[in-house]
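Accompanying notes for the structure given below.
Proteins get letters first, then strands, A, B, ... in listed order; numbering begins at 1 in each. A quick note: this is a predicted structure, and the numbers were derived from the prediction, not measured.
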Number of protein chains: 2
Amino acid sequence: MAEKYSIGEFAKKTGTTIRALRYYDEIHLLKPTLVSPSGRRYYSNNDIIQLQKIVALKFLGYSLEKISEFLHLKDWDLKDSLAFQKQEMMQRKEHIERVIRALDHALHMMEDQGTVNSSIFISLINNIQMEDEHKEWLKGLIPENKVETLYDISEEKQQELNTRTALLFTKMKEAVGKNPESDDVQELIKQYMDITEDVLGGSLELIQDLINSQVEIEDDPKLFPSPFTPEEEEWVGKAMEVYLIRKGVIADGNETS
Amino acid sequence: MAEKYSIGEFAKKTGTTIRALRYYDEIHLLKPTLVSPSGRRYYSNNDIIQLQKIVALKFLGYSLEKISEFLHLKDWDLKDSLAFQKQEMMQRKEHIERVIRALDHALHMMEDQGTVNSSIFISLINNIQMEDEHKEWLKGLIPENKVETLYDISEEKQQELNTRTALLFTKMKEAVGKNPESDDVQELIKQYMDITEDVLGGSLELIQDLINSQVEIEDDPKLFPSPFTPEEEEWVGKAMEVYLIRKGVIADGNETS
DNA sequence: CATAAAACCTAACGTAACGGGAGAAGCAAG
DNA sequence: CTTGCTTCTCCCGTTACGTTAGGTTTTATG
């Protein structure tokens, strides 16, 4: 009943380590019942109970400091604290889920294409990481409900879009330097527009709205890291211009008035 | 194009902190393009790209050391690493989900009963924390498929069982010291047996098997922290004995042969 | 051009919860 | 008495920075 355990026995019995027990002693979280004149620690059955409390609260995600408070105040008014702790854990869970989603997208892309340009990879990850911020940003440009419908598409669809976009960007990067007016370059641009239309659900007004406000996007690398280098971007810009002029969406700056 | 940013500008542009940038410099993760004679750091657009890679990989859960390797080896054979990372993250997610489940049970109990004895609380948490270990342990006693059916019950049912058990244990703790043969004590024991039967699905053989092997349980506090103190446990043992004798399940040690 | 204000620098300690090692001392058995 | 096991007390290392402290440089302004 009044058993005494050396620190080694106690550690084995409770599944902790000697070092942890000494640490708990040091921070006054769990002191051994008895310390011999030579400094050896001896624990009792009572200490087992205390340690179990510590282990349980640690499992729930509390810091040793918080646990110290709980055990010392002896008040056990966990209720509020538990609810708070749950909120915390839910947030962590959401974060991890987002990370997993990003990893899934990346893996899907890799499987589909073997290897991937790092800049494209980065901007894909960023899209997921910054999803909420992007939404907020978009809400400053177009009505809120439209933003929600934009983002309300299935995971598979998103993966497919991302993979298609990545593949296309890869091709575009390879084509940099070619004549922007050539047929194959214009075909790439067309594919890009197709994807964009697909995303926006074919509503051309949105495209127009976005194009008009696009001036601001470029130089906010923390919100929108570009998958293209400045040179690439310039080239893409030219090709895009040609495309839009041919489509008659914008005016030809070279035409004689 | 060949813009130079002071560390402050750069931090703002990229959404990091000055301290972090200095740290990245220190660990050779991201060195500024230019350092003035007086020691001031100046970053270029190229550094923005590098930093974005770092941020993206950090989001995916990699340590700065790993990131350093990736960026230095320039190999970008992420594929395997991504899959591994996903496994890691899935594990973390599972862990967190278990914690949340434990928190839910605890909260449910608190709501139902206002306050709860700490020992009971601990053993509830432990039940969830050690679920897998308990399963393994049980599989050493009864057939594996029976173990699985035992644990294959809905979350609500489990919460209800836990809450009922907790309430019952509380009452039992209050009754400690009373005559084990009295009607109200025996009623408590009966309720306990009802719950046990409920859990085991009424299969009495299992109960018998478990009772026979129960000798081992008691002194493994790391696997089964008891919600009762030794004295309480002894009292419960007596009451249980009376109950089982009256039921005729075990023999009366006092009866004259 | 002088000075004040803003930005920047290095150096160093603090964080959470121990892990691990060095070197010394206690303790039971042969 | 010696051997071998256990335990003891320092003390450094871990991660990714945050946070002073105290000094220098750059920029803005009068």
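Every residue two or more places apart in sequence or in another chain was checked for a side chain to side chain donor-acceptor pair (under 3.5 Å) with Thr165(B), and none qualifies. Every residue meeting the side-chain contact (heavy atoms from CB on, under 4.5 Å) condition with Val147(A), not counting sequence neighbours, appears here in chain and number order: Lys135(A), Leu138(A), Lys139(A), Ile142(A), Tyr151(A). Partners of Tyr24(B) under the ring pair (Phe, Tyr, Trp, His ring centres under 6.0 Å) rule, at least two apart in sequence or in another chain, do not exist in this structure. The side chain to side chain donor-acceptor pair (under 3.5 Å) check on Thr163(B) picks up His108(B), with sequence neighbours excluded.
Within the structure, every pair that satisfies the side chain to side chain donor-acceptor pair (under 3.5 Å) test and touches residues 82-93 of chain A, not counting sequence neighbours, is listed here: Lys86(A)-Asp104(B). Residue pairs meeting the ring pair (Phe, Tyr, Trp, His ring centres under 6.0 Å) criterion with at least one partner in residues 78-107 of chain A, sequence neighbours excluded, are His95(A)-Phe59(B).
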Checklist entry - Between Tyr5(A) and Tyr42(A), is a ring pair (Phe, Tyr, Trp, His ring centres under 6.0 Å) present by the stated rule, with each step listed? => result CA-CA 5 Å; Tyr5(A) 311 101; Tyr42(A) 292 97; 10.0 Å; no
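Side-chain contact of Ser6(B) with Tyr43(B): a donor-acceptor pair under 3.5 Å is absent, judged by distance alone.
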Item to check | nucleotides 4-10 of chain C: protein proximity per nucleotide (B base, S sugar-phosphate only, - neither; heavy atom, under 4.0 Å) | outcome: ---BBBB
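In Glu65(A), the CD atom is not crowded: 12 or fewer heavy atoms of neighbouring residues, nucleotides or ligands sit closer than 6.0 Å. Counting heavy-atom neighbours within 6.0 Å of Glu9(A) CD, excluding the residue itself, gives a total above 12. Within 6.0 Å of the NZ atom in Lys4(B), the count of heavy atoms belonging to other residues, nucleotides or ligands exceeds 12. Other residues, nucleotides and ligands contribute over 12 non-hydrogen atoms within 6.0 Å of the CD atom of Glu131(A). Heavy atoms from other residues, nucleotides or ligands lying under 6.0 Å from CD of Glu144(A) number 12 at most.
Each end of the helix from dC1(C)-dG30(D) to dG30(C)-dC1(D) gets its own rotation axis from five pairs of C1' atoms, and the angle between them is 20° to the nearest 10 degrees.
If you check every strand for non-hydrogen atoms under 4.0 Å, Lys66(A) touches nothing.
Considering only side-chain N and O atoms, Tyr24(A) lies under 4.0 angstrom from the phosphate OP1 or OP2 of dC18(C).
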Identify each atom pair where a protein N or O and an N or O of nucleotides 11-15 of chain C are less than 3.5 Å apart, giving names and distance.
none

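Sorted by residue number, the list of members of residues 89-100 of chain B with any non-hydrogen atom under 4.0 Å from DNA chain C is empty.
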Can you give the donor-acceptor pairs under 3.5 Å from side chains of residues 28-41 of chain B to other protein atoms, not counting sequence neighbours?
unit_1   : atom_1 : unit_2   : atom_2 : d
His28(B) : ND1    : Lys31(B) : NZ     : 3.1
Lys31(B) : NZ     : Asp25(B) : O      : 3.0
Lys31(B) : NZ     : Asp25(B) : OD1    : 3.0
Thr33(B) : OG1    : Ser44(B) : OG     : 2.9
Thr33(B) : OG1    : Asp47(B) : OD1    : 3.4
Thr33(B) : OG1    : Asp47(B) : OD2    : 2.5
Ser36(B) : OG     : Ser38(B) : N      : 3.3
Ser36(B) : OG     : Ser38(B) : OG     : 3.0
Ser36(B) : OG     : Gly39(B) : N      : 3.4
Ser36(B) : OG     : Arg40(B) : N      : 3.1
Arg41(B) : NE     : Asp25(B) : OD2    : 2.8

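For DNA chain D, the outermost nucleotides in 5' to 3' order that have an atom under 4.0 Å from a heavy atom of chain B are dT15(D) to dT26(D).
Taking CZ of Arg22(B) as the start and CD1 of Ile27(B) as the end, the distance is 15.0 Å to the nearest 0.5 Å.
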